[in-house]
Amino acid sequence: MAQPNWQNRTLFVADNIRILRGMNSESVDCIATDPPFNKKRIFNAPLGSRQAEQRFDDRWRWDEVTDEWQDVIATDHPAIKEIIEAAVVIEGGTIEPRTGRISTGRIQNSIAAYLAYMAPRIVEMRRILKPTGVLFMQCDTEANAYLRLLLDAVFGRRNFINEITRRRAEAKGLSTRRLPNNSDTLLAYGKSAKYKWNPPYEPYDIAMLNAANLDDAHLDEETRKTLQQYDKRDNDGRRYSLTDLVNPNRDRPNLTYEFLGVTRVWRWTRERMETAYAEGRIVQTRPGNVPRFKRYLDEQPGKPRDDIWDDVVQVEPSELDWDTRKPLSLYQRLVECGTDEGDTVLDPFAGCATSCVAAESRGRNWVGIDIDPVAEEATYVRLREATGLNMLEQPVTVRKSPPRRDDIELISNDRLRDALWNNQGRRCANPYCDSENLRKVDLQLDHRIPKVRGGEDGVTNRIGLCGNCNARKGRKAWGLFLDEERAKQPHDTIVS
Ligand SMILES: C[S@@+](CC[C@H](N)C(=O)[O-])C[C@H]1O[C@@H](n2cnc3c(N)ncnc32)[C@H](O)[C@@H]1O
Ligand SMILES: [Zn+2]
């Protein structure tokens with residue numbers, strides 16, 4: 001597994017696609033993030049700052065994402081391509097049948113354009129996660145179903161873990177024509193079936209439970225069940241239940257022995273049983289009865305949480321006025337669920353660094369990315385407020401350029417040509433090319449992901465073309481070039 005190629009407590013201030021592409025594969029344990037949907041709301045720069053003077057468009061437009069679409073998605077990820085094309089059709093855009101060229105024209109907030117923007121970022125996020133890694137992605141109600149499809153396509157349906165519904169503090173969109181929206185969704189995916197998961201619990205109110213009695217009239221159903229389960233008490237009032245020590249597996253000769261006059265297949269070894277007995281934790285209610293274990297209520301982690309969270313509603317007070325700020329307690333819960341101490345948390349849409357601060361406060365390493373330069377100051381403020389981190393001794397590194405991957409072998413042009421020649425079946429990479437008798441020495445190398453955007457010289461980022469195709473492709477994106485080549489092919493006439 002690769003090591004991170006950045007320092008703990010790094011904030012990258014740049015477009016996350018550039019940074020993500022430079023991060024080593026399998027180098028983070030958990031990604032917890034809250035991507036923008038309505039673009040206008042992401043640039044909440046203070047008045048008078050340079051950012052505030054720039055004009056930001058609040059629409060997702062197809063022309064802004066065309067490069068990503070062509071370079072990364074259309075040719076390499078057929079499932080994602082279909083999902084995005086479905087979104088185009090749903091919102092009334094057009095797909096030119098011959099070339100596959102998409103237009104979302106005057107559509108405001110194009111969901112297809114949004115997906116084309118998110119898709120390559122999600123592909124990178126998955127690459128960077130360790131096999132045990134977990135992604136939590138917070139979704140806007142408008143985008144949520146589409147993002148789930150995209151995540152299914154990238155992570156695989158079987159790696160879907162949960163859709164968590166969180167109640168917010170204030171409903172948006174008050175109207176008499178629909179219910180006000182007061183929930184956010186968090187989609188959780190594992191990189192593989194081996195994902196790390198520490199189940200979250202809701203701690204019991206022990207004082208209340210120890211004081212309560214089953215015949216109290218005002219008890220809710222939940223409390224009543226807990227009291228029924230922990231139905232015994234010590235002299236000091238501590239509630240406990242007696243649980244089984246008999247092993248359900250009957251074929252364990254080394255665990256079969258006599259204890260307090262009873263012979264069974266036990267769950268524990270004899271030593272462990274004897275220690276527990278000496279500590280007063282094993283009870284035999286009458287001679288000859290099967291001994292049982294005394295399980296105290298106040299030693300239990302609490303009630304296992306389900307996927308509806310209505311107790312992380314309010315954002316904690318802060319001097320920072322940042323309108324997309326999320327509750328720290330929400331992100332602390334996510335971080336604890338998806339990581340252990342010392343693990344690394346990444347937030348590629350960090351904003352005022354709620355998830356990074358959550359990681360810091362829980363003894364995890366972190367790395368954040370945000371395109372907004374104001375995020376730097378915001379991160380300092382939140383860290384100072386919430387963690388008491390001494391930034392002189394444990395400084396935060398702020399970087400604008402991507403890290404350089406050290407987990408891929410950079411190969412010489414000769415070896416690259418060899419590899420491409422074999423991978424491509426000893427021909428030009430353009431599937432529509434009709435050049436014949438091409439020799440290996442004639443193969444010309446082309447970057448699929450331009451270096452300026454973080455592409456590297458690895459085999460996966462390069463193609464080999466014949467001289468003719470390479471000249472025609474020029475600086476065009478690979479997908480665009482392929483569309484044009486396809487359009488030149490003989491095709492069936494479409495009869496309408
Ligand atoms: C919804 S906010 C995140 C809020 C965050 N959870 C918090 O508590 O502050 C989305 C953030 O994504 C950032 N962002 C938008 N596009 C980005 C991009 N391409 N690369 C990096 N950050 C981006 C915005 O600047 C904004 O801060
Ligand atoms: Zn060719």
Side-chain angles (χ1 to χ4, degrees), residues 29 132 134 161-162 164 188 190 192-216 218-309 311 332-343 362-363:
D29 297 278
T132 48
V134 174
I161 305 174
N162 274 124
I164 302 164
S192 74
K194 291 185 293 181
Y195 66 90
K196 189 180 277 190
W197 192 259
N198 305 317
Y201 291 91
E202 182 183 341
Y204 290 124
D205 180 346
I206 298 293
M208 181 277 282
L209 289 169
N210 278 344
N213 280 306
L214 251 188
D215 44 16
D216 290 349
H218 62 274
L219 295 183
D220 60 43
E221 206 38 45
E222 212 50 71
T223 311
R224 195 174 295 279
K225 268 199 210 137
T226 312
L227 295 185
Q228 274 163 350
Q229 193 187 349
Y230 292 87
D231 57 345
K232 307 197 169 37
R233 288 170 191 250
D234 269 351
N235 291 338
D236 56 2
R238 274 177 92 189
R239 286 191 172 273
Y240 66 91
S241 66
L242 287 179
T243 62
D244 210 354
L245 284 164
V246 177
N247 200 319
N249 186 345
R250 326 212 76 214
D251 187 28
R252 303 292 297 272
N254 55 334
L255 292 175
T256 311
Y257 53 89
E258 189 204 302
F259 190 78
L260 302 180
V262 181
T263 304
R264 287 285 186 283
V265 187
W266 302 103
R267 285 180 189 273
W268 296 346
T269 59
R270 185 189 284 279
E271 296 76 61
R272 189 160 168 209
M273 286 284 257
E274 274 163 6
T275 313
Y277 185 64
E279 288 167 350
R281 297 299 295 262
I282 291 184
V283 174
Q284 188 176 39
T285 44
R286 233 184 293 144
N289 279 6
V290 182
R292 291 196 293 164
F293 179 65
K294 214 169 170 181
R295 185 194 297 275
Y296 284 104
L297 176 63
D298 58 18
E299 289 174 356
Q300 305 314 309
K303 183 186 136 208
R305 287 190 189 281
D306 59 24
D307 58 0
I308 299 180
W309 294 1
D311 60 336
Q332 283 168 331
R333 187 175 296 169
L334 298 177
V335 160
E336 285 176 344
C337 175
T339 61
D340 294 322
E341 267 183 50
D343 284 352
R362 292 294 184 258

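Numbers here are sequence positions counted from 1. All values below come from the heavy atoms of this structure, side chains included, with hydrogens, waters and symmetry mates left out.
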Could you pull out the closest heavy-atom pair between [X] and [Y], with the gap in Å?
X	Y	answer
V262	G288	CG2-O, 3.7 Å
G190	I161	N-CD1, 3.4 Å
W309	P200	CZ2-CG, 4.4 Å
Y240	R233	CE2-C, 3.5 Å

Quick check on N235: does its CG atom have over 12 non-hydrogen neighbours (other residues, nucleotides or ligands) under 6.0 Å away?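 Count not over threshold, so no.
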Surrounding CG of N254 (heavy atoms of other residues, nucleotides or ligands, distance under 6.0 Å), is the total greater than 12?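 For N254, atom CG is crowded (more than 12 foreign heavy atoms under 6.0 Å).
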Using a 3.5 Å distance criterion without hydrogens, assess whether the side chain of [X] forms a donor-acceptor pair with backbone atoms of [Y].
X	Y	value
R239	L209	yes
R281	K294	yes
N213	D215	no
N247	N249	yes

[X] [atom1] to [Y] [atom2] distance, which is reported to the nearest 0.5 Å:
X	Y	atom1	atom2	result
R224	Q229	CZ	CD	15.0 Å
D306	E202	CG	CD	8.5 Å
T285	L242	OG1	CG	7.5 Å
Q284	N289	CD	CG	6.5 Å
L260	I282	CG	CD1	7.5 Å
D244	R267	CG	CZ	6.0 Å

Single hit among W266, W268, Y277 for ring-ring contact (aromatic ring centres under 6.0 Å, His included) with F293: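 That would be W268.
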Taking the basic N atoms (NZ, or NE/NH1/NH2) and the acidic carboxylate oxygens, is any pair closer than 4.0 Å for R238 and E299?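 Looking at E299 together with R238, the answer is yes, because their closest N to O distance falls below 4.0 Å.
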Tell me whether D311 is salt-bridged to R305, with the criterion being a basic N under 4.0 Å from an acidic carboxylate O.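 Here D311 pairs with R305 in a salt bridge, since their nearest N and O are under 4.0 Å apart.
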With a 4.5 Å heavy-atom cut-off, do [X] and [Y] have their side chains touching?
X	Y	value
V246	V265	no
E336	N198	no
L245	F259	no
P199	P304	no

Verdict with reasoning, R264 to V290, per side-chain contact (heavy atoms from CB on, under 4.5 Å): CA-CA 9 Å; R264 287 285 186 283; V290 182; 3.6 Å; yes
Set out, in order, the CA-CA distance, both residues' side-chain angles and the distance that settles side-chain contact (heavy atoms from CB on, under 4.5 Å) for E258 and T263, then state yes or no. CA-CA 4 Å; E258 189 204 302; T263 304; 3.5 Å; yes
With Y204, the side-chain contact (heavy atoms from CB on, under 4.5 Å) member among N210, L297, T223: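 Going through N210, L297, T223 one by one, the side-chain contact (heavy atoms from CB on, under 4.5 Å) with Y204 is satisfied by L297 alone.
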Pair K196, D343 - check side-chain contact (heavy atoms from CB on, under 4.5 Å), show working. CA-CA 11 Å; K196 189 180 277 190; D343 284 352; 2.6 Å; yes
